[in-house]
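Residue numbers begin at 1 in each chain, while the letters A, B, ... track the order of the sequences. Every heavy atom of this structure was used, including side-chain atoms; hydrogens, water molecules and symmetry mates were not.
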Protein chains: 2
Amino acid sequence: MNVEQIIKTEKEIPLESRTIIHFMLVNNRINEKISSVLKPYEVSLQQFNVLRILRGQNGKPANLSTLNERMVTKMSNTTRLVDKLILKGFVNRITCPSNRRKVEINITSEGKKALIKMDTAMKTAEKKILKNLSKKELDQLNGLFNKF
Amino acid sequence: MNVEQIIKTEKEIPLESRTIIHFMLVNNRINEKISSVLKPYEVSLQQFNVLRILRGQNGKPANLSTLNERMVTKMSNTTRLVDKLILKGFVNRITCPSNRRKVEINITSEGKKALIKMDTAMKTAEKKILKNLSKKELDQLNGLFNKF
DNA sequence: AATATACATTTGTATATACAATTGTTGTAT
DNA sequence: ATACAACAATTGTATATACAAATGTATATT
């Protein structure tokens with residue numbers, strides 16, 4: 001059953017509820033697709049996001065609070081998320097000498113290499129997911145997202 | 001840090017990737033909001049969806065496959081999701097006598113009563129989430145969602 | 001009728017996530 | 001200097017989720 005069909009069965013539901021259900025259904029679909037693309041690389045979507053954030057730091061180390069903020073998820077995950085990435089050798093973690101409450105997290109060169117491979121796969125997947133949307137429509141969508 | 005800020009830090013990322021990140025960030029935000037609204041009623045978002053699907057059946061019982069299809073999630077969850085709802089007395093499950101492979105799942109009157117309370121809370125939350133979007137924009141959004 | 005195949009659900013297990021409580025560190029007020 | 005609050009990260013625990021395998025049932029094949 002595709003998304004449109006599911007929504008159709010709920011026509012009696014007011015527009016607001018329908019929009020939110022619709023939103024989540026599409027999101028789930030995207031999630032499944034993206035996760036399956038990342039699977040061969042043995043990183044979860046969250047781990048992938050952490051790696052991208054770290055690369056975006058351009059060498060500047062990140063601490064857990066920053067990662068957490070950017071991910072819009074709970075702190076509790078972040079420690080263990082980073083643990084997993086350390087096990088894979090994709091990031092390293094050192095306690096900040098000036099402020100020992102903080103830790104500094106960096107992407108390793110191995111992490112960067114892995115990320116480059118994932119990027120290519122992701123790019124293909126993203127194009128496929130968005131293949132029915134024109135550039136104009138993508139802009140429109142992003143504009144609407146900004147209203148949330 | 002709000003969604004727009006997070007996206008801004010990723011400006012170097014191509015439009016497709018940005019759109020998908022944006023999508024997920026907004027979705028997470030909606031999820032958190034909705035979950036916190038449902039919390040007092042001690043049902044998860046998934047459980048709430050099951051209840052709504054069952055009510056939408058208008059007395060016609062649903063089987064697990066149907067529920068699973070409508071939820072766009074994995075079957076593995078559905079059995080245990082229904083288990084939880086049974087424990088709460090919100091649904092019941094009987095094995096179909098004509099075809100014992102199937103089970104019939106129905107919402108109970110208690111489940112309906114609970115759902116009505118949740119509906120009100122959800123409606124308020126949904127309005128709040130979508131407060132910056134006009135009816136026209138909601139339609140536009142749903143139109144774009146259909147292209148996924 | 002016996003066996004194989006497909007189907008619907010359940011169970012097992014490993015991993016992920018949410019939430020609360022704890023630990024260790026720094027800054028501040030007395 | 002000591003005590004206290006604020007902060008950053010970690011740990012514990014319970015629950016949720018994903019994926020694979022198993023169970024039980026119906027249908028098809030020979």
May I ask you to check whether Phe48(A) and Tyr41(A) place their ring centres under 6.0 Å from each other?
no

Please determine, for the side chain of Arg80(B), which listed nucleotide (dG12(C), dT10(C), dT10(D)) has the closest atom?
dG12(C)

Here the pair of heavy atoms bringing Glu110(A) nearest to Lys88(A) is OE2-O, 4.1 Å

Can you check the Asn68(A) CG to dC7(D) P distance for me, whole Å?
15 Å

Euclidean distance, atom CD of residue Glu32(B) to atom C1' of dC19(C) [Å, nearest integer]
13 Å

Whether Gln46(B) contacts dA16(D) is assessed here as follows: a side-chain N or O lying under 4.0 Å from the phosphate OP1 or OP2. Is that the case?
no

Atom-pair distance (CE on Met71(A); C1' on dA9(D)), nearest Å
13 Å

Nearest-Å distance, CE (Met75(A)) to P (dA16(C))?
19 Å

Quickly work out the Met24(A) CE to dT17(D) P distance and round it to whole Å.
12 Å

Taking the nucleotide of DNA chain C with the closest heavy atom to each, which residue, Ser44(A) or Cys96(A), is nearer the 5' end?
Ser44(A)

For Glu16(B), is there an ion pair with Lys128(A) - N to carboxylate O distance below 4.0 angstrom?
no

Return the nearest nucleotide to the side chain of Arg101(B); candidates are dT13(C), dT27(D), dA9(D).
dT27(D)

Please report, rounded to the nearest Å, how far the P atom of dA9(D) is from the NZ atom of Lys74(A).
16 Å

Find the distance Gln47(A):CD to dT15(C):P and express it as a whole number of Å.
12 Å

With the threshold set at 4.0 Å, does a side-chain nitrogen-carboxylate oxygen contact exist between Lys147(B) and Glu137(A)?
yes

Whichever of Asn99(B) and Asp83(B) has the more 5' nearest nucleotide on DNA chain C, that residue is Asn99(B)

When only distance counts, do a donor and an acceptor, one from the side chain of Arg100(A) and one from the base of dG27(C), lie under 3.5 Å apart?
no

In plain terms, say whether Asp119(B) and Lys123(B) are close enough for a salt bridge, that is, a side-chain N and a carboxylate O under 4.0 Å apart.
no

Over all strands shown, is Ser65(B) touching base, sugar-phosphate only, or nothing at heavy-atom distances under 4.0 angstrom?
sugar-phosphate

Take Glu104(A) and Asn77(B), find for each the nucleotide of DNA chain D with the closest heavy atom, and name the residue whose nucleotide sits nearer the 5' end.
Glu104(A)

For dG24(C), does either OP1 or OP2 sit under 4.0 Å from a side-chain N or O belonging to Lys102(A)?
no

Send over the distance from Asn31(B) CG to dA16(D) P, rounded to a whole Å.
14 Å

